[in-house]
*Asks:* 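Sharing a structure below in structure tokens format, with a few things to ask.
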Amino acid sequence: MSLADWQQRRSGPNQQRPGDMRTAWQRDRARVLHSAAFRRLQSKTQIMNVGENDFYRTRLTHSLEAAQIGASLINHLHHSGSEFERTLLPDENLMEALCLAHDIGHPPFGHGGETALNFKMLASGGFEGNGQTLRIVGRLEAYHEAHGMDLTRRTLLGLLKYPVLMPDLPQPQDDSKPGALSRWKPAKAIFQADSDILDWVLAPLSDNDRSAFQQVEPLASSPWQRSLYKSFDASLMELADDIAYGVHDLEDAVVTGTLNAQQWQQHMGQLIDNLDDSLGSLMHKLQQQLFSSSHHQRKNAIGALVNIFVTSVQVSETLPVASEPQLRFNATLPHHQRQLLNGLKSVVFEYVINQPEIQQLRYRSQHMLLDLFAAFHTEPTRLLPRNTRERWQQAFDKEGQIGADRALCDYIAGMTDDYAERMYRSLF
């Protein structure tokens with residue numbers, strides 16, 4: 001695609017303000033940074049519940065760290081890559097916009113809240129955090145009457161971790177009794193209600209490129225599927241996200257005592273022993289610093305872990321049949337570095353996320369959202385705030401119950417953890 005295609009906005013050609021010399025990517029970054037959805041991330045859970053400890057990372061601090069890592073990935077590829085690889089790289093403002101925006105669709109209470117809303121939305125198209133991100137930037141935010149933040153095509157493409165539409169979803173026998181909510185984790189996809197946004201983003205692609213790019217593979221049970229490909233920019237953004245999660249959330253776990261050296265060794269010891277000699281030797285040194293009582297040594301270990309991944313990033317041909325370079329290539333990690341990063345993510349999951357105390361909080365939070373949705377769904381014109389009630393009524397008049405449910409879901413998904421808690425106390 002041409003630069004003009006990449007910089008196009010759904011609103012069409014428009015004049016910049018007098019004297020505004022910013023690039024399209026600088027404008028996209030500013031729109032994300034100054035949006036209400038971005039500000040709400042300061043009160044949304046990353047792993048530890050917001051408010052429990054001022055030290056814990058929130059979705060906001062996580063997104064800022066991901067943006068910094070994204071810039072480092074670009075810098076490394078700019079200096080180490082070939083001339084062709086440098087032509088693939090996004091502008092740093094574009095990279096920052098992607099990393100800052102990547103989590104703005106997440107509802108209150110993290111992935112637990114995501115599963116609860118998906119269960120309540122099974123009859124109306126489902127719910128998934130990344131799909132909600134596209135919906136916010138492409139429809140809901142207030143920069144443009146009809147097109148949300150009205151971001152450029154390349155920015156929207158870079159936010160598509162899963163560039164496919166939601167499949168048909170199974171229906172529970174009783175939507176008031178979900179049973180084990182783990183059964184209702186969302187399919188990773190864009191909502192059918194936002195198919196027009198997805199079509200616009202992919203419109204300049206050839207039929208062959210689009211067909212190849214949107215391939216999916218089924219997972220263990222229907223309706224769960226995984227899209228196989230993402231754009232080059234999206235691969236950089238996802239890698240920055242993974243590094244921030246695997247390394248910086250690990251730091252939270254170590255500093256707060258949630259993860260100790262013995263647990264680390266049980267989970268990571270064999271993996272580290274199986275790494276290649278130079279990386280394995282470095283990790284043996286860093287794990288001692290990681291659990292040192294000296295704060296500066298621990299901080300040095302965290303920085304060194306980030307450096308391992310940033311300096312090993314490479315450009316790989318992941319979709320050879322595509323003619324568009326942004327689809328044909330992805331940013332990837334070599335085998336051993338990817339194994340190590342996956343190991344860091346799994347140790348955070350096992351000893352932090354999967355702890356009974358965290359899961360009990362997640363269970364409570366999920367049922368708060370189930371109750372909130374049920375109350376507003378039962379008596380929307382009585383209980384919803386006035387401006388949300390008007391949006392609900394407009395959606396109901398235009399699209400019936402499915403549209404009204406989506407408007408209700410938009411409202412609850414946009415809540416911060418604190419707001420959801422206050423609303424729950426107010427109603428129950």
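It should be emphasised that the depicted structure is a prediction, and the values quoted were computed from it without experimental measurement.
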*Asks:* With sequence neighbours left out, write down each residue that passes side chain to side chain contact (heavy atoms under 4.5 Å, CB included) with Q192, or none if nothing qualifies.
*Replies:* L165

*Asks:* Please lay out, stage by stage, how T256 and T258 fare under the test side-chain hydrogen bond (donor to acceptor under 3.5 Å, both in side chains).
*Replies:* CA-CA 6 Å; T256 58; T258 310; 2.9 Å; yes

*Asks:* Heavy atoms, side chains only, cut-off 4.5 Å: are L344 and F309 in contact?
*Replies:* yes

*Asks:* Check the side chains of E65 and H62 for a donor-acceptor pair under 3.5 angstrom, ignoring hydrogens and angles.
*Replies:*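 Their side chains do not contain a donor-acceptor pair, so the 3.5 Å distance test is not met.
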
*Asks:* More than 12 non-hydrogen atoms from neighbouring residues, nucleotides or ligands closer than 6.0 Å to CD on Q270, yes or no?
*Replies:* no

*Asks:* Under the ring-ring contact (aromatic ring centres under 6.0 Å, His included) rule, what do H367 and Y363 come out as? Steps first, then yes or no, please.
*Replies:* CA-CA 6 Å; H367 283 268; Y363 180 88; 4.3 Å; yes

*Asks:* Between Y143 and S35, is any pair of side-chain heavy atoms under 4.5 Å apart?
*Replies:* yes

*Asks:* Answer yes or no for R406 and F191: cation-pi contact, defined as NZ/CZ to six-membered ring centre under 6.0 Å and angle to ring axis within 45°.
*Replies:* yes

*Asks:* Is K345 salt-bridged to D242, cutoff N-O under 4.0 Å?
*Replies:* yes

*Asks:* Are S43 and D417 linked by a side-chain donor-acceptor pair shorter than 3.5 Å?
*Replies:* no

*Asks:* Tell me the closest heavy-atom pair linking L157 and A234, and the distance in Å.
*Replies:*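 In this case the closest contact between L157 and A234 is O-CB, 4.3 Å.
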
*Asks:* Assess whether salt bridge (Lys or Arg N to Asp or Glu O under 4.0 Å) is satisfied between D196 and R139, documenting all intermediate values.
*Replies:* CA-CA 11 Å; D196 58 326; R139 198 180 303 281; 2.7 Å; yes

*Asks:* For Q68 and S72, test the side chains for any donor-to-acceptor distance below 3.5 angstrom and give the result as yes or no.
*Replies:* yes

*Asks:* Quick one: side-chain hydrogen bond (donor to acceptor under 3.5 Å, both in side chains) partners of E379, sequence neighbours excluded?
*Replies:*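 With sequence neighbours excluded, E379 shows a side-chain hydrogen bond (donor to acceptor under 3.5 Å, both in side chains) to R382, given in chain and number order.
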
*Asks:* Return yes if a side-chain donor-acceptor contact under 3.5 Å exists between D273 and H284, otherwise no.
*Replies:* yes

*Asks:* Determine the interplanar angle of the H147 and H144 rings, folded into 0 to 90°, and report it as parallel if under 30°, tilted if 30 to 60°, perpendicular if over 60°.
*Replies:* parallel

*Asks:* So, for L236 and A331, which heavy atoms are closest and what is the spacing to 0.1 Å?
*Replies:*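 Minimum heavy-atom separation between L236 and A331: CD2-CB, 3.7 Å.
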
*Asks:* Using ring-ring contact (aromatic ring centres under 6.0 Å, His included), reason through F119 and F373 one step at a time and then give a plain yes or no.
*Replies:* CA-CA 10 Å; F119 174 75; F373 194 103; 9.6 Å; no

*Asks:* Would you mind reporting whether L341 and L239 have side-chain heavy atoms less than 4.5 Å apart?
*Replies:* yes

*Asks:* Take a 6.0 Å sphere around CD of Q171 and say whether it holds more than 12 heavy atoms from other residues, nucleotides or ligands.
*Replies:*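 More than 12 heavy atoms, drawn from other residues, nucleotides or ligands, come within 6.0 Å of this atom.
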
*Asks:* Mind checking what makes side-chain hydrogen bond (donor to acceptor under 3.5 Å, both in side chains) contact with E317, not counting sequence neighbours?
*Replies:* R328

*Asks:* Do T133 and H102 meet the criterion of a side-chain donor-acceptor pair at a distance under 3.5 Å?
*Replies:* no

*Asks:* In the structure I gave you, are the side-chain heavy atoms of Y229 and Y162 within less than 4.5 Å of one another anywhere?
*Replies:*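 When only atoms from C-beta onward are counted, Y162 and Y229 do not touch, as no gap falls below 4.5 Å.
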
*Asks:* Taking the side chain as every heavy atom from C-beta outward, state whether F329 and T318 have any atom pair closer than 4.5 Å.
*Replies:*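 Answer no - side chains too far apart.
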
*Asks:* State, with a plain yes or no, whether a side-chain heavy atom of V352 is found less than 4.5 Å away from one of D249.
*Replies:* no

*Asks:* Do R154 and P90 have side-chain heavy atoms sitting under 4.5 Å apart?
*Replies:*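 Yes, at least one pair of side-chain atoms sits under 4.5 Å.
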
*Asks:* Step by step, work out the salt bridge (Lys or Arg N to Asp or Glu O under 4.0 Å) result for R27 and D150.
*Replies:* CA-CA 10 Å; R27 295 172 69 198; D150 196 28; over 6 Å; no

*Asks:* Which atom names give the shortest non-hydrogen contact between M237 and G158, and what distance separates them?
*Replies:* CE-O, 3.3 Å

*Asks:* If we count only N and O atoms by modelled type, under 3.5 Å, do the side chains of S316 and N330 hold a donor and an acceptor together?
*Replies:*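 The answer is no; no qualifying pair exists.
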
*Asks:* Look at the side chain of R153 and the backbone N and O of Q8, then say whether any donor-acceptor pair between them is shorter than 3.5 Å.
*Replies:*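 A pair under 3.5 Å: no.
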
*Asks:* Does the side chain of N118 pick up a donor-acceptor pair with the side chain of E114 at under 3.5 Å?
*Replies:* no

*Asks:* Going by heavy atoms in the side chains, are L89 and E85 under 4.5 Å from each other?
*Replies:*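 Counting from C-beta outward, L89 and E85 never come under 4.5 Å.
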
*Asks:* Could you walk me through whether D410 and Q132 pass the side-chain hydrogen bond (donor to acceptor under 3.5 Å, both in side chains) test, one step at a time?
*Replies:* CA-CA 8 Å; D410 289 339; Q132 189 70 9; 3.0 Å; yes

*Asks:* Charged N to carboxylate O under 4.0 angstrom, R298 versus E251?
*Replies:* no

*Asks:* Among K161, R59, R40, which one satisfies salt bridge (charged side-chain N to carboxylate O under 4.0 Å, His left out) with D103?
*Replies:* R59

*Asks:* Between the side chains of R135 and E128, is the shortest nitrogen-to-carboxylate-oxygen separation below 4.0 Å, so that they form an ion pair?
*Replies:*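 R135 and E128: not salt-bridged.
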
*Asks:* With distance as the sole test, does S426 use its side chain to make a donor-acceptor pair with the main-chain N or O of R422 at under 3.5 Å?
*Replies:*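 Looks like no, no N/O pair under 3.5 Å.
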
*Asks:* Under a 4.0 Å threshold between the charged nitrogen and the carboxylate oxygen, would R210 count as salt-bridged to D199?
*Replies:*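 Between R210 and D199 there is a salt bridge, with a charged N closer than 4.0 Å to a carboxylate O.
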
*Asks:* Judged by atom type as modelled, is there a donor-acceptor pair below 3.5 Å linking the side chain of Q215 to the main-chain atoms of A212?
*Replies:*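 Answer holds: yes.
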
